[in-house]
Amino acid sequence: MSPRPRLLPAALALALVTTGALAQPASAAATASAASAATVADPLLDKLAAIPGLTVVSETRPSGFRFFVLTLTQPVDHRRPGKGTYQQRLTLLHRSDDAPVVLYTGGYGLAVNPSASQTEPTRLLGANQVSVEHRFFRSSRPEPADWGKLDIWQQASDEHRIVQALKTVYGGKWIQTGASKGGMTSVYHRRFYPDDVDGVIAYVAPNDRVNPADRAYDEFFENVGDAACRTSLENVQKEALKRRARLVPRFEAEAARNGYTFTQSLGSADRSFEMTVLDAVWAFWQYSNESDCADVPPGTATDDEIYDWIDTVAGFSFYTDQGIGYYVPYYYQAATQLGWPTLKFGHLRGLTRYPGLYQPNSVIPAELRSRHDPLPMLDVDHWVRKQSSRMMFVYGENDPWSAERFTPSRHDSYLYVAPGANHGANIARLPDAERQAATDTLLRWAGVTGAQAAQRGVSSIPDDDMLPDRRTF
C-alpha cells in the first residue's frame, strides 16, 4: 500500500480553490498559473499525506479553522493484523500546529455528514480536536462483521494507532475526553495505553464494576429529587402498566403508521411498551431537571396524557428495530463487557409481564446475545483506583448514570460532582472554586496558559455536548 493517503476529487478540488488554482481565467497563462498554484506548499496536508493508510475524505475551512473528514485503515483484529482491515472514520479540527490536541472518543458513531464542533476541553484549551468513530458504528464496521472483535481492548488499540499516527503532525500535549460511553472509552484507552495522552477528562462515565451489585442505582432512585416527585414518577409508571390493554393498541397503531417493527429487538409491541415504561423514570432523570417534576401527569390523567408524557420523556419509538438499530453495538458491548443497570422495580410488582426484560440482551438480535464477562470491568476499576494518573471525572448529582462512578487514584487525579446536574454535567456547571480548579488542572496537563488558550479559543465553532440524540435513527 502506498504510504500516501488517497485524496478524493472533491477534497482535491477544494484544496485547489483555496490556493487560487481554480479561480483563474481559462487561458494558457492561467493554466500555467494554476499549475504553479497547485504546487504551493501545504505542510498540514503533506504531513497527513505521509501517514500510511490515511484518506482525506473532505476538507472545509470554518473561520479560523480547517476541518477534515478522514478514514484510517485499521486491523479488524489488532492481535492478528494480517487477518483483514476496515476503514475507521475520524475528523480533525485544526487550529494551529503548536496547539494541544483533544482526542474526543464519543463511544458511538460520527454524524453521517460530520461538521465542525468542539468539546468543552477543546474550547477551554484552544486546542485542535480529533474525533473518532467507535468501531462497529455506522460505516466503521468490518465486512463481514466479526462481533467478537468488538471489545474495549480492540477499540483502545484503534485509538492508539490514531494517536501514534497523528503525533507525526502534532508534537504538543494530548488530552482525551468523552461523555457517557465516550467517557468510558477514554478510560479504557488510558488503561491499555497510559502513555498515549497527557491527561483524561471523562464526563458522566458509568463504572459498573460488579454487574449484579447494582444497589447504588436503586438507592439513587430512592433519594433523587424530593419525595413528591419520586412518588409522581412511580405512579405514572404504575398507571401506564395498568392501562396496558388500551395503550399498547395505540402504540401498535403508531408503529404501523411509521413502519416500526420489533422482530430484531424486543419481539413484540407489548414487550417494547413495557421496556419503555420501565425506562421512563431513568430517562426523566437522565435528560430532565427537578423543575420538570411539575409536568408529570397525575394518576387521574387521561390515557392520552400518560402516553404522551412517556413518549416525550422516553420515546416509544426507541425500543423498536429502527430505534435500536444504531445502538446495537453499544448493547452488545454492555451485554459482553460493560455491564448494565439492574433495577428491582419493586413498586411495579404484579404489573410487569416479562421478568428480566430490563437488560441489553433483550434488545439485540438473537444471534448477538452473549454471556457477560466480569473480568474487564474489574480490571479497569482496580487500575483506575490504584495505578492511574492525571484522570479527571465529572458527574451530575441527579444523573442516574452517575450513581456508579469511577474512584480516581491519588496520582494527580480528581472527581467532581455538578450540583443538580443531569447527564449533561460538565465543568461549566461546577461551583466557581471547583470550576476554576478543574480548568487550571486541564491547562496544566495540556501545557498551556490561560492567556494562550483564550487567544486561540475565540471562534464561531459550536460546542458539542458529547451525547448522542436518543431519537436519531
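Small disclaimer: the values here were computed from a predicted structure and weren't measured.
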Can you confirm if the NZ or CZ of Arg405 lies within 45° of the ring axis of Tyr395 and under 6.0 Å from the centre of its six-membered ring? yes

Cation over ring face, Arg190 and Trp383, 6.0 Å, 45°: no

Have [X] and [Y] got a donor and an acceptor in their side chains that come within less than 3.5 Å?
X      : Y      : value
Gln333 : Asp151 : no
Asp196 : Gln164 : yes
Asp321 : Thr263 : yes
Thr119 : Asp464 : no
Tyr170 : Asp98  : no
Tyr414 : Asp412 : yes
Ser272 : Glu274 : no
Gln322 : Thr261 : yes
Gln74  : Arg161 : yes
Asp381 : Asn207 : yes
Gln87  : Arg141 : no
Asn361 : Tyr331 : no
Asp158 : His78  : yes

NE2/His411: more than 12 non-hydrogen atoms of other groups inside 6.0 Å: yes

Can you establish whether the number of heavy atoms outside Lys167 located under 6.0 Å from its atom NZ is more than 12? yes

Taking all non-hydrogen atoms of both residues, which atom of [X] and which atom of [Y] are closest, and how far apart?
X      : Y      : result
Ser232 : Val296 : O-CG1, 3.7 Å
Ser157 : Tyr193 : OG-OH, 2.7 Å
Pro408 : Phe406 : CD-O, 3.7 Å
Ala240 : Ile310 : CB-CD1, 3.5 Å
Gly315 : Thr276 : O-CG2, 3.9 Å
Ser180 : Pro206 : O-CD, 4.0 Å

Closer than 3.5 angstrom, by distance alone: can the side chain of Arg385 be matched with the main-chain N or O of Ser409 as a donor-acceptor pair? no

Using a 3.5 Å distance criterion without hydrogens, assess whether the side chain of Asn426 forms a donor-acceptor pair with backbone atoms of Ala428. yes

Kindly indicate, with the supporting measurements, whether the criterion side-chain hydrogen bond (donor to acceptor under 3.5 Å, both in side chains) is fulfilled by Gln286 and Asp399. CA-CA 5 Å; Gln286 179 173 345; Asp399 172 28; 5.9 Å; no

How long is the span from the [atom1] atom in [X] to the [atom2] atom in [Y], to the nearest 0.5 Å?
X      : Y      : atom1 : atom2 : result
Gln264 : Ile364 : CD    : CD1   : 11.0 Å
Ser370 : Gln337 : OG    : CD    : 10.5 Å
Thr73  : Gln88  : OG1   : CD    : 10.5 Å
Ile201 : Tyr416 : CD1   : OH    : 9.0 Å
Arg429 : Glu120 : CZ    : CD    : 11.0 Å

Less than 4.5 Å apart, side chain to side chain, heavy atoms only: is that true for [X] and [Y]?
X      : Y      : value
Leu357 : Leu266 : yes
Tyr86  : Glu143 : no
Pro121 : Tyr203 : yes
Leu443 : Thr449 : no

Please find out if less than 6.0 Å separates the ring center of [X] from that of [Y].
X      : Y      : result
Phe345 : Tyr358 : yes
His372 : Trp340 : yes
Phe137 : Tyr326 : yes
Phe262 : Phe251 : yes

Would Glu222 and Arg230 count as a salt bridge (charged side-chain N to carboxylate O under 4.0 Å, His left out) if you check the C-alpha gap in whole Å, the side-chain angles of each, and the deciding distance to 0.1 Å? CA-CA 8 Å; Glu222 290 168 3; Arg230 296 194 297 271; over 6 Å; no

Test salt bridge (charged side-chain N to carboxylate O under 4.0 Å, His left out) on Arg209 and Glu404; report intermediate values, then the result. CA-CA 8 Å; Arg209 66 190 183 100; Glu404 287 197 349; over 6 Å; no

side-chain hydrogen bond (donor to acceptor under 3.5 Å, both in side chains), that's the test. Do Ser140 and His134 meet it? Break it down for me. CA-CA 7 Å; Ser140 296; His134 197 291; over 6 Å; no

Gln129 vs Arg123, side-chain hydrogen bond (donor to acceptor under 3.5 Å, both in side chains): CA-CA, chis, key distance, verdict: CA-CA 10 Å; Gln129 179 175 304; Arg123 177 173 48 77; over 6 Å; no

Could you list the donor-acceptor pairs under 3.5 angstrom formed by side chains in residues 101-114, with sequence neighbours left out?
{"from": "Thr105", "atom 1": "OG1", "to": "Gln176", "atom 2": "NE2", "distance (Å)": "3.2"}
{"from": "Thr105", "atom 1": "OG1", "to": "Thr177", "atom 2": "O", "distance (Å)": "3.4"}
{"from": "Thr105", "atom 1": "OG1", "to": "Gly182", "atom 2": "O", "distance (Å)": "3.4"}

Applying the ring pair (Phe, Tyr, Trp, His ring centres under 6.0 Å) test to Trp282, which of Tyr217, Phe318, Tyr287 qualifies? Tyr217

Salt-bridge criterion met for Lys344 and Asp214 (N-O under 4.0 Å): no

